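To keep things clear, I will list the structure first and then write my remarks on it.
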Number of protein chains: 2
Amino acid sequence: MKQNLGHFPKESNVCNCTNIRRASRALTQFYDECLSPSGLTVTRMGMLHQIMELKHPGISELAAAFRIDRTTMNRNLKALLADGLVILRAGQDARKKEVQLTELGTAKLQQAYGLWCQAQQDLEDYLGREELQQLRGSLAKLEALVP
Amino acid sequence: MKQNLGHFPKESNVCNCTNIRRASRALTQFYDECLSPSGLTVTRMGMLHQIMELKHPGISELAAAFRIDRTTMNRNLKALLADGLVILRAGQDARKKEVQLTELGTAKLQQAYGLWCQAQQDLEDYLGREELQQLRGSLAKLEALVP
DNA sequence: CAATATTAGGTGTATATACACTCATATTGT
DNA sequence: ACAATATGAGTGTATATACACCTAATATTG
């Protein structure tokens, strides 16, 4: 029975999950490359941007915005803390730690923003406006697969 | 100048890279959940599948198939080795280590295959055949962004 | 108001990923 | 034939990610 596997698909690119993971790695590398003059990666810039938008989010609140685990956000924040891009302040609720941008974090975000805009534009030029919109719609549906 | 950031986009879901990363996490969780009765994750099943297809690939060859770094594949293989799903054999070229499925690895792959088929079908039902094909096309283009 | 449940956060451990560097073994050019 | 270069693999370090388990503070409720 060991070699009775002839019904497995022959091509390697059939798994939708493998494909999106591969594309995700590629796009991450593309964006990181575009942002590299700022010293930020796309995950770090994304975190800084969310912190700015949400004003003084708690760690869990910030994690929810990215749909990542709370403990992942906790650890990702440590690098931003170490680099002086954010600070943590105790909220009125003594359990909560509010995340805030420092001046340096704000400056870095601003610096990265222009590069990010170009990356977004480059991607739109590459895929075409139509196809990019379609892709974004499909990605949103995939996100909804998890509660 | 510190607060001169009013031109930043207000919504959080504008970054295409953040979006694909989020979707990739979600789909990975979906597939892993589907495959969980087999004890394999989608990355592990993917590796086993590729090892089967490529016959006796070297580590770098296997990594190239996933477009991941060679050293990443090296480390991911260690878990499969530890679980007895694969073995490494020296090739004729003494530098090369050929990866082979064990009987246990083959059996696990076979067990996971049915669950994976169902996941693929569920996703197609969820997105629709048309949209899934479009998505796969776009993902392939994104992969091509890196050399 | 005391007991309990919920919420916010932190740590240990594990997987997935990449880069810089190293080592050993081919292959090749002169 | 031998030096220079290619190639295949391994390690150290770092980021990104999640789950199980823990602590502390607040909220709820009998």
Side-chain angles (χ1 to χ4, degrees), chain A residues 17-18 20-33 35-36 39-47 56-83 85 88-99 146-147, chain B residues 17-18 20-33 35-36 39-47 54 56-64 66-83 85 88-99 146-147:
Chain A
C17 188
T18 301
I20 199 171
R21 290 173 66 86
R22 200 156 31 200
S24 175
R25 287 192 297 269
L27 198 58
T28 299
Q29 281 167 29
F30 175 72
Y31 271 72
D32 282 351
E33 179 74 22
L35 296 184
S36 63
L40 293 181
T41 61
V42 69
T43 42
R44 287 177 176 214
M45 176 182 159
M47 282 193 283
H56 308 298
I59 295 178
S60 298
E61 188 182 347
L62 196 52
F66 284 95
R67 290 179 185 268
I68 62 177
D69 193 88
R70 180 183 60 73
T71 65
T72 298
M73 181 56 73
N74 181 309
R75 281 171 166 130
N76 290 353
L77 278 172
K78 284 183 179 171
L80 299 186
L81 264 172
D83 288 352
L85 305 177
L88 294 182
R89 305 180 57 84
Q92 299 208 321
D93 185 332
R95 292 169 298 186
K96 197 169 173 181
K97 296 192 180 171
E98 296 182 348
V99 190
V146 289
Chain B
C17 187
T18 302
I20 200 172
R21 289 173 66 86
R22 201 156 30 201
S24 173
R25 288 192 296 270
L27 198 58
T28 299
Q29 281 167 29
F30 174 72
Y31 272 71
D32 282 351
E33 178 75 21
L35 297 183
S36 62
L40 292 181
T41 61
V42 69
T43 43
R44 287 177 176 214
M45 177 182 158
M47 281 194 283
L54 297 177
H56 309 297
I59 295 178
S60 297
E61 188 182 348
L62 196 52
F66 285 96
R67 291 176 183 269
I68 62 177
D69 193 89
R70 180 184 61 73
T71 65
T72 298
M73 180 57 74
N74 181 309
R75 280 169 166 131
N76 289 354
L77 278 172
K78 284 183 179 171
L80 299 185
L81 264 171
D83 288 353
L85 304 178
L88 295 183
R89 305 180 59 84
Q92 299 208 321
D93 185 331
R95 292 168 299 185
K96 195 169 173 180
K97 295 193 180 171
E98 297 183 346
V99 190
V146 289

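These numbers were taken from a predicted model, which means no experiment stands behind them. To find a chain, count down the sequence lines: A is the first, B the second, and so on, and within it residues start at 1.
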Has [X] got a side-chain N or O lying under 4.0 Å from the OP1 or OP2 atom of [N]?
X: A:N76; N: D:dT15; result: no
X: A:T41; N: D:dA16; result: yes
X: B:R25; N: D:dA16; result: no
X: B:T72; N: C:dA18; result: yes

If I take atom [atom1] in residue [X] and atom [atom2] in nucleotide [N], what distance separates them, rounded to the nearest angstrom?
X: A:L77; N: C:dA8; atom1: CG; atom2: P; result: 16 Å
X: B:R22; N: D:dA18; atom1: CZ; atom2: P; result: 12 Å
X: A:F66; N: D:dT15; atom1: CZ; atom2: P; result: 17 Å
X: A:L40; N: D:dT15; atom1: CG; atom2: P; result: 13 Å
X: A:R44; N: D:dT17; atom1: CZ; atom2: P; result: 12 Å
X: A:I68; N: D:dC19; atom1: CD1; atom2: C1'; result: 14 Å
X: A:I20; N: C:dA16; atom1: CD1; atom2: P; result: 17 Å
X: A:F30; N: C:dA18; atom1: CZ; atom2: P; result: 17 Å

The side chain to side chain contact (heavy atoms under 4.5 Å, CB included) partners of A:S36 (sequence neighbours excluded) come to none
Per the glycosidic torsion and the 90° limit around 0, nucleotide D:dA27 is anti
When you compare the protein's N or O atoms with those of nucleotides 2-4 of chain D, which come within less than 3.5 Å of each other, and at what distance?
none

Are any protein N/O atoms closer than 3.5 Å to N/O atoms in nucleotides 8-12 of chain D? If there are, list each pair with its distance.
| residue | atom | partner | partner atom | Å |
| --- | --- | --- | --- | --- |
| D:dA9 | OP1 | B:I59 | N | 3.1 |
| D:dA9 | OP1 | B:K97 | N | 3.1 |
| D:dA9 | OP1 | B:K97 | O | 3.3 |
| D:dA9 | OP2 | B:I59 | N | 3.4 |
| D:dA9 | OP2 | B:S60 | N | 2.9 |
| D:dA9 | OP2 | B:S60 | OG | 2.9 |
| D:dA9 | N7 | B:R70 | NH1 | 2.7 |
| D:dG10 | OP1 | B:K97 | NZ | 2.6 |
| D:dG10 | OP2 | B:N74 | ND2 | 2.4 |
| D:dG10 | O5' | B:N74 | ND2 | 3.4 |
| D:dG10 | N7 | B:R70 | NH1 | 3.0 |
| D:dG10 | O6 | B:R70 | NH2 | 2.5 |
| D:dT11 | OP2 | B:K78 | NZ | 3.3 |
| D:dG12 | N7 | B:R75 | NH2 | 2.7 |
| D:dG12 | O6 | B:R75 | NH1 | 2.7 |

Just jot down the side chain to side chain donor-acceptor pair (under 3.5 Å) partners of [X], sequence neighbours excluded, or say none.
X: A:T41; result: A:T43
X: A:R21; result: B:T28
X: B:R67; result: B:E143

Pairs of donor and acceptor atoms involving the side chains of residues 68-80 of chain A, under 3.5 Å and at least two apart or interchain, shall be tabulated with distances.
| residue | atom | partner | partner atom | Å |
| --- | --- | --- | --- | --- |
| A:D69 | OD2 | A:T71 | N | 2.9 |
| A:D69 | OD2 | A:T71 | OG1 | 2.6 |

Exercise for review: Kindly indicate whether the side chain of A:K96, heavy atoms from C-beta on, has any atom under 4.5 Å from the side chain of A:E61.
Suggested key: yes
Answer for the Watson-Crick or wobble partner of C:dT25, both distances under 3.5 Å, is none
In Watson-Crick or G-U wobble terms, with both distances under 3.5 Å, the base opposite D:dA6 is none
Heavy-atom closest pair (A:L85 atom, A:L40 atom, distance to 0.1 Å) is CD1-CD2, 4.0 Å
In short, A:I20 meets B:L27 closest at the heavy-atom pair CG2-CD2, 3.7 Å
Across all chains, not counting sequence neighbours, the salt bridge (charged side-chain N to carboxylate O under 4.0 Å, His left out) partners of B:D93 are B:R95
Sorted by chain and residue number, the salt bridge (charged side-chain N to carboxylate O under 4.0 Å, His left out) partners of B:D83 (sequence neighbours excluded) come out as B:R44
### Task
Would you kindly check whether a donor in the side chain of A:T43 faces an acceptor in the base of D:dA16, or vice versa, at under 3.5 angstrom?
no
